[in-house]
Amino acid sequence: MRLPTPTSAQVVRSDDQFVVDLERFQGPLDLLLHLIRSQDIDIFDVPIADITAQFVAAIEGVEARLSLERAGEFLEMAATLVRIKAQMLLPRHEDLLQDEDPRSDLVRRLLEYELFREIAVALSSAEAERALHRGKGYVEPRPPPDVAELPLELTLEQLLEIAVSLPAPPEKRPHRAPVRPITVDEKIELWVESLKRKARVPFDWFVQRWKTRMHAVMSFLACLELAKRGRARLRQERPFGTLWVYRGEDDKDS
Amino acid sequence: MKTTRIVEAVLFASESPLTSADIAKASGELSAKDVEAAIDELRHEYERDERSFQIYPLADGFQILTRPEFGPYLEQFDSVTRTSRLSRAALETLAIIAYRQPVSRLEVEELRGVNVAGVLRNLQERGLIEVVDRAEGLGRPLLYGTTSKFLDHFGIRSLEDLPRPDELQISLRAQE
Amino acid sequence: MKTTRIVEAVLFASESPLTSADIAKASGELSAKDVEAAIDELRHEYERDERSFQIYPLADGFQILTRPEFGPYLEQFDSVTRTSRLSRAALETLAIIAYRQPVSRLEVEELRGVNVAGVLRNLQERGLIEVVDRAEGLGRPLLYGTTSKFLDHFGIRSLEDLPRPDELQISLRAQE
C-alpha cells in the first residue's frame with residue numbers, strides 16, 4: 001500500500017478558483033509542491049506571481065478551515081511568497097553572480113521536502129512488507145532479574161560527558177537561602193526516615209554531602225539524642241573507624 | 001498451501017492457546033479434524049528433528065512453547081543480557097543529581113524540561129540515588145542525592161572526587 | 001546441549017530481535033561466531049523442512065518471524081497482534097530523523113514546514129525515536145534519533161540499509 005499522495009483530483013477549478021482540501025496536505029510545502037508538480041512547472045524557474053496567486057487562492061479562508069496553528073503555517077508561507085514576488089520585481093544588479101535569485105532558498109526547501117516525502121513513501125511500503133511477518137505471539141513469562149543486582153554499564157567518563165552536555169541552569173534567584181538554619185530536630189527526622197529503610201547507616205555517609213561543619217555537628221547531636229531515646233545505637237569497631245548508626249531495637253516511641 | 005504449514009503459522013503467532021476449531025477458521029477448507037491431524041504431524045516432526053520447542057495441549061487449546069530443558073539457558077540469557085544500561089533520560093537525571101545534590105525533583109525537572117518522576121523511581125530502584133533530605137519551604141519537597149553504591153560503581157571515595165572540568169555548566173553550587 | 005538447539009530456544013523465546021553477541025550469552029561456551037553458524041544451520045533446516053517461519057536479520061540482530069505468505073491467514077485471528085500503521089505526518093518526520101539524526105525538533109520543523117511537537121511525542125511514546133544527545137548552543141536543545149524498534153517496525157536490518165537518497169526516484173527528477 002502506498003501513501004495517499006495528493007493528486008490533481010484534489011484541486012478542482014471552479015469559477016477560476018482553486019478549491020483545495022487542505023486537510024489532505026501535510027503543510028504549506030506539501031501544497032506548494034503539489035501546485036508546482038501537478039502543472040509540470042520547472043521547479044528551478046517557478047513563475048512566482050502565478051504560483052503565489054494560486055497558493056493564496058487555495059488557502060482562502062484558511063483561518064476558518066484549519067486550527068489556528070496549522071492556518072498560521074500556511075499564512076506564513078503566503079507571506080514568504082509575496083515577499084519573493086516583490087523581490088523579483090526589483091531591478092537586479094548587473095553583477096548577476098553576486099545576486100542570488102530570491103527564489104533559490106524556497107526551491108532548496110521544496111526539493112529537500114520532496115526528497116523526504118519520497119522517503120516517507122518508501123518507508124510506508126517497507127512498513128506494509130514488514131507487517132506481513134509476525135513474531136512469536138506468546139513468550140513464556142520469565143521472572144525479570146532484579147535491576148539493583150544487574151551490573152551497570154556506565155563509566156565515569158560517560159557520566160561526565162552527559163553532565164557537560166547539560167545546559168546551564170536558568171539564571172534566577174536561588175531556590176534556597178544560602179544560609180539556612182540547621183536544627184537538631186530536622187536531623188532527627190532525617191535519621192529516623194533513613195533508619196526506617198536501612199538497618200544501619202554509616203555516619204560519614206550521612207554528613208559528607210554537606211560541607212559545613214554545622215551539619216555534621218547537628219547530625220551527631222541528633223544521633224546522640226536518638227540513642228538516648230533508644231531509637232538508635234551507635235557503634236564503632238575501632239578508633240577512627242566507621243561510625244555506624246543502627247536502628248534501635250527497643251523503639252520507645254512506637 | 002499445506003494445512004500443516006498454516007496450522008504451524010497460526011500456533012506460532014498466536015498470543016494465547018487456540019483450540020483446533022479456532023485454528024480451522026484460518027482457511028475455509030479446514031475442519032477441526034484436519035487441524036488435529038496436522039498438529040500430530042507437526043509434533044512428530046519437532047520430536048524427530050529435536051526442535052527446542054513443541055506443541056503442548058493445554059486446558060484451553062494448543063500452544064507452542066519452548067521445551068522445559070532450555071529453561072536454565074533462558075535464565076542465564078536474561079541475567080546477562082538485561083544489563084542495566086541507563087537511558088539518556090536516566091543518565092541526564094543522574095548527572096544532575098550527582099553534581100547538584102541535594103536537589104529536589106522540581107529543580108531536576110526545570111533543568112531537563114520534562115517530568116522525571118518515573119526516572120527518579122527507576123534510579124532509586126537501582127540503588128543509585130536516594131532521598132537525603134527535605135527542603136525548606138512549601139510542602140518541604142524531598143531532596144535527592146547519590147548513594148554509596150553510586151560512588152562504589154565509579155570507584156570513587158567521595159563526591160569531591162567527581163571530575164569538575166571548566167566546561168561543566170550544571171554544577172557548581174557545591175563549591176560555595 | 002547442541003549449540004543450534006540453544007540458539008533456537010533463545011530466539012524462539014524472544015519477542016524482539018537479538019544480536020548474535022547477546023544470544024551467545026545464553027551459554028558460557030558460545031561465541032557470536034558460533035551463534036551465527038548455528039543460525040545459518042537453522043535457516044537451512046527451516047528452508048528444507050518448509051517451516052512456516054524463518055530467522056530474519058532485523059534491527060542489528062535476528063528474529064524468528066512467520067513467512068510473508070502466511071500474513072493473510074493470520075490477519076483474521078484476534079489473538080495475533082497487528083501493529084498499527086503510521087500516519088503520513090509520522091512517516092515524514094521519521095524519514096527526516098532517520099536520515100538526519102541526531103536532529104533537533106527545530107530542524108525537523110524547518111524541513112517539513114509544520115510544527116512537529118505532537119508527532120515527536122507520539123513517536124517517542126511508540127518507542128520509534130528517542131533523545132540521543134543535546135546540541136551545542138542556546139538552551140542545548142534535545143537531539144532525536146531512531147531506535148532499534150524503528151528498524152524492527154520497517155523490517156530494516158540496520159541504518160546502513162536505508163535506501164540512499166540518490167537511489168530514490170526523486171533526486172533524478174531534481175537533476176533534470
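The structure presented is a predicted model; accordingly, all values stated were derived computationally and were not measured. Order of the sequence lines fixes the chain letters, A, B, ..., with proteins taken first and strands second; residue numbering starts at 1 for each chain.
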*asked:* Just checking Arg157(C): does its CZ atom have more than 12 heavy atoms from other residues, nucleotides or ligands closer to it than 6.0 angstrom?
replied: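 Open: at most 12 neighbouring heavy atoms sit under 6.0 Å from CZ of Arg157(C).
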_Would you say CZ of Arg121(B) has more than 12 non-hydrogen atoms from neighbouring residues, nucleotides or ligands within 6.0 angstrom?_
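No, because the 6.0 Å sphere around CZ of Arg121(B) holds 12 heavy atoms or fewer from other groups.
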Portion of [X] that has a non-hydrogen atom of chain B nearer than 4.5 angstrom:
X: Asp78(C); result: neither
X: Ile64(C); result: both
X: Glu45(C); result: side chain
X: Arg67(C); result: neither
X: Val132(C); result: backbone

_Measuring from atom CG of Leu142(C) to atom CZ of Arg88(B), what distance do you get when rounded to the nearest 0.5 angstrom?_
8.0 Å
*What's the spacing between Glu50(B) CD and Thr4(C) OG1 if we round to 0.5 Å?*
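Those atoms lie 9.0 Å apart.
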_Checking an interface table here. Which of residues 102-116 of chain C come within a heavy-atom distance under 4.5 Å of chain B?_
none
*Mind checking which of residues 8-27 of chain C sit less than 4.5 Å from chain B, heavy atom to heavy atom?*
Glu8(C), Ala9(C), Val10(C), Phe12(C), Ala13(C), Leu18(C), Asp22(C), Ile23(C), Lys25(C), Ala26(C), Ser27(C)
*Grab the two heavy atoms, one from Asp49(B) and one from Arg5(C), that are nearest each other, plus how far apart they are.*
O-NH2, 3.7 Å
*Minimum-distance pair of heavy atoms, taken over all atoms of Arg51(B) and Leu42(C)*: NH2-CD2, 3.8 Å
